[in-house]
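Input: a single structure, listed below in structure tokens.
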Amino acid sequence: MSNRETCPGCAAVFDSRRALVRSGVPMFFNAITPRHVQMQVRCPNCGHRFAASELRLFGVLSPEGLRWVLVGILALCVLLVFVLPPR
């Protein structure tokens, strides 16, 4: 699945997965990083760096969606700790 991104600098269209910049924050930490830290892409045509708007994780989830999935899983785990009987 291809995630097409358009550069705001030169209007070039490119695959955002191949142009992903891993600047300090690995992709799997994206769900727990602050909201202002976003996945950045670099335009292969002009080199302009900007926040990816079309990039999807696992093909369907936006970074915000992944954040909510992880929060839901964490809440479910905490709930199960209190609900399940001790052995």
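When a residue number appears, it is its place in the shown sequence, counting from 1.
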Under the side chain to side chain contact (heavy atoms under 4.5 Å, CB included) test, residues paired with Leu80 that sit two or more places apart
Leu76, Leu84

Could you tell me if the side chain of Cys10 sits less than 4.5 Å from the side chain of His48, heavy atoms only?
no

Kindly determine whether Val13 and Glu5 satisfy side chain to side chain contact (heavy atoms under 4.5 Å, CB included), including the steps that lead there.
CA-CA 6 Å; Val13 178; Glu5 193 76 51; over 6 Å; no

Which other residues belong to the hydrophobic cluster containing Val81, where Ile, Leu, Val, Met, Phe, Trp and Tyr are joined when side-chain heavy atoms lie under 4.5 Å apart, directly or via other members?
none

Hydrophobic cluster (4.5 angstrom, side-chain heavy atoms) - remaining members for Leu79:
Val83

Is there a side chain to side chain contact (heavy atoms under 4.5 Å, CB included) between Asn45 and Phe14 once you walk through the steps?
CA-CA 9 Å; Asn45 197 22; Phe14 57 92; over 6 Å; no

